[in-house]
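Heads up: the structure comes next, in structure tokens.
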Amino acid sequence: MTDYGFWSIIPPVLAIVLAITTRQVTFSLLVGLLVGALIMEGGNLLGAFLLTLDGLIDVFQSAGSTRTVVFTLLIGALISLIRAAGGVQGFIALIQQRLAKAKRPESTLQVAAGLTGFLIFIESNISILTVGTAFRPLFDQFKIAREKLAYLADSSSAPSCILFPINAWGAYVMGLLASYEHLDPFKTLLYSIPYNLYPILTLILVFYLASTGKAFGPMKDMKPRPIETTSTSEAPEGNWLNMLIPLLVMIVTMPVYLIHTGWPDEFQGSLGEKLWYSIGNGSGSAAVLYAVTTAVIFAGVYFGFQKKIGLKSFFDHSIKGMNEMLIMALLMVLAFAIGNLCNALGTGQYVADVTSQWLNPGIAPALIFLTSCFVAFATGTSWGTFAIMISIGVPLAQAVGINPYLTIAAVLGGGVFGDHCSPISDTTLISSMASGTDHIDHVRTQLPYALATGTLTTLLYLAMGFFVR
């Protein structure tokens with residue numbers, strides 16, 4: 001494998017800088033891909049152009065990436081069906097009734113949005129899309145900036161997902177830990193939770209800002225959008241159960257499919273042991289895809305019995321919903337492609353190798369956290385960061401006597417931080433799309449909050465590195 005060294009960090013950093021300065025994410029990702037291909041092709045422009053096209057096609061060679069793109073389209077279909085059956089309107093009416101009784105309705109609304117994102121810890125994208133879709137009209141009605149909604153959706157989803165091990169995130173991390181014989185994957189992940197300071201502090205800040213209505217940084221200058229209205233002839237009769245029940249079907253079936261995809265055919269042990277084994281070895285992307293497909297089919301049948309939709313309107317609304325998610329699907333393909341490019345260039349490994357040369361036991365947790373932050377920021381993927389940094393952090397912890405649970409927590413928290421800050425992250429993209437806000441505005445307004453909790457996390461890890469063994 002060719003060692004590209006410092007050149008390996010140029011494509012993702014260039015894409016990030018361009019995205020922030022031009023506010024054109026698609027263009028920025030394409031430029032990053034082309035520059036990376038130029039590096040790999042030694043400056044051959046034609047070869048770089050063809051390699052870029054091949055890189056976009058190669059995204060679909062990964063079953064996990066393909067499932068995620070299809071999942072995004074199907075989520076659009078499910079949201080459209082729920083909207084057509086009056087589910088979103090009914091949920092809005094229900095929240096409005098509760099807000100009418102609240103002394104501080106704006107704060108209550110923000111807390112409800114953050115709490116919804118926190119409680120749907122099965123999968124981050126499901127959480128974000130649910131919060132963005134359901135609460136966007138209410139935020140407009142109460143004249144709260146959509147950037148605040150995007151922040152609440154984004155910053156309540158991944159932190160809760162990484163703190164609850166029985167989901168796709170937990171299954172993925174346990175799969176990475178399974179290759180180390182001296183570690184029990186589930187126990188290690190469970191014991192790392194109290195040390196996973198970044199998501200814990202982020203959730204504390206989320207609910208503090210939501211309950212007080214306070215803001216700092218660019219968020220203070222964000223203005224509310226005009227209220228979106230639906231004509232009476234187009235508005236279906238609202239029923240909040242038409243939103244809740246299909247989402248519950250998706251949320252409940254997700255861990256069932258996770259267990260199914262990892263269920264051992266030949267495994268000696270109790271039922272509980274088999275369940276933990278299957279959760280640790282299941283396919284998160286497959287489970288999410290199966291769950292949303294089940295929810296779409298269920299919604300079609302359920303709404304059909306209510307005579308809300310027929311066979312033709314089921315497909316019409318599904319296709320309409322998928323069309324609304326096409327831009328998001330395209331951006332995800334580009335983000336996956338640049339992630340694959342970074343992997344081929346060895347971006348994450350280069351950054352980790354350079355940084356690991358400075359490590360000593362006392363400051364190691366803080367530096368592992370910061371390195372994970374930068375890798376995730378540059379590559380736009382927390383899961384890719386987990387794979388890179390766990391392979392470095394676990395052997396390092398064993399070699400120099402660092403607490404393994406503290407090490408894993410630093411890796412996971414750093415990955416989530418970078419995921420929050422990077423404009424090429426899929427969760428950041430989905431948060432912007434679901435909340436109906438400009439993507440770069442979401443990045444700019446969320447960044448100060450992530451930096452605040454990230455800085456505090458770093459300082460705490462510096463202290464813990466000398467006392468936790």
Side-chain angles (χ1 to χ4, degrees), residues 1-62 64-66 68-69 72 326-352 354 371-385 387-388 415 417-433 438-444 446-447:
M1 177 180 174
T2 304
D3 182 7
Y4 294 97
F6 174 78
W7 291 98
S8 66
I9 68 172
I10 291 179
V13 171
L14 177 63
I16 290 167
V17 171
L18 283 175
I20 294 173
T21 55
T22 68
R23 306 174 73 90
Q24 299 296 319
V25 181
T26 303
F27 166 77
S28 303
L29 289 171
L30 284 171
V31 171
L33 284 169
L34 184 59
V35 169
L38 275 170
I39 293 171
M40 295 183 70
E41 289 292 311
N44 185 326
L45 186 59
L46 177 60
F49 172 72
L50 298 178
L51 185 60
T52 300
L53 293 178
D54 289 339
L56 293 172
I57 300 301
D58 287 346
V59 167
F60 298 97
Q61 290 186 2
S62 165
S65 297
T66 304
T68 304
V69 173
T72 302
L326 277 177
I327 294 177
M328 175 55 56
L330 172 61
L331 289 174
M332 292 187 75
V333 170
L334 292 170
F336 285 139
I338 203 165
N340 293 340
L341 174 72
C342 290
N343 185 53
L345 290 170
T347 304
Q349 194 64 54
Y350 168 75
V351 173
V354 169
T371 304
S372 298
C373 290
F374 185 76
V375 172
F377 180 80
T379 60
T381 167
S382 55
W383 285 28
T385 300
I388 293 167
F417 171 90
D419 209 30
H420 277 166
C421 299
S422 177
I424 61 175
S425 161
D426 59 339
T427 54
T428 311
L429 291 164
I430 291 173
S431 298
S432 305
M433 179 68 71
D438 180 82
H439 179 59
I440 301 303
D441 282 342
H442 169 48
V443 174
R444 288 195 310 112
Q446 180 163 258
L447 186 59

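Bear in mind that the values here come from a model prediction, so they are computed numbers and not experimental data.
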Identify the two heavy atoms, one from [X] and one from [Y], that lie closest to each other, and give their separation to 0.1 Å.
X      : Y      : result
Val333 : Phe60  : CG2-CZ, 3.7 Å
Ala48  : Glu41  : N-CG, 3.7 Å
Ser431 : Thr427 : OG-O, 2.8 Å
Pro423 : His439 : O-NE2, 2.7 Å
Gly32  : Leu341 : O-CD2, 3.7 Å

Quick one: does any side-chain atom of [X] pair with a main-chain N or O of [Y] as donor and acceptor, under 3.5 Å?
X      : Y      : result
Ser422 : Asp419 : no
Ser372 : Gly415 : no
His420 : Gln446 : no

Spacing of [X] atom [atom1] and [Y] atom [atom2] [to the nearest 0.5 Å]:
X      : Y      : atom1 : atom2 : result
Leu38  : Leu51  : CG    : CG    : 9.5 Å
Phe377 : Leu447 : CZ    : CG    : 7.0 Å
Leu334 : Leu330 : CG    : CG    : 5.0 Å
Leu33  : Thr52  : CG    : OG1   : 6.0 Å
Thr428 : Met433 : OG1   : CE    : 13.0 Å
Leu50  : Leu45  : CG    : CG    : 9.5 Å

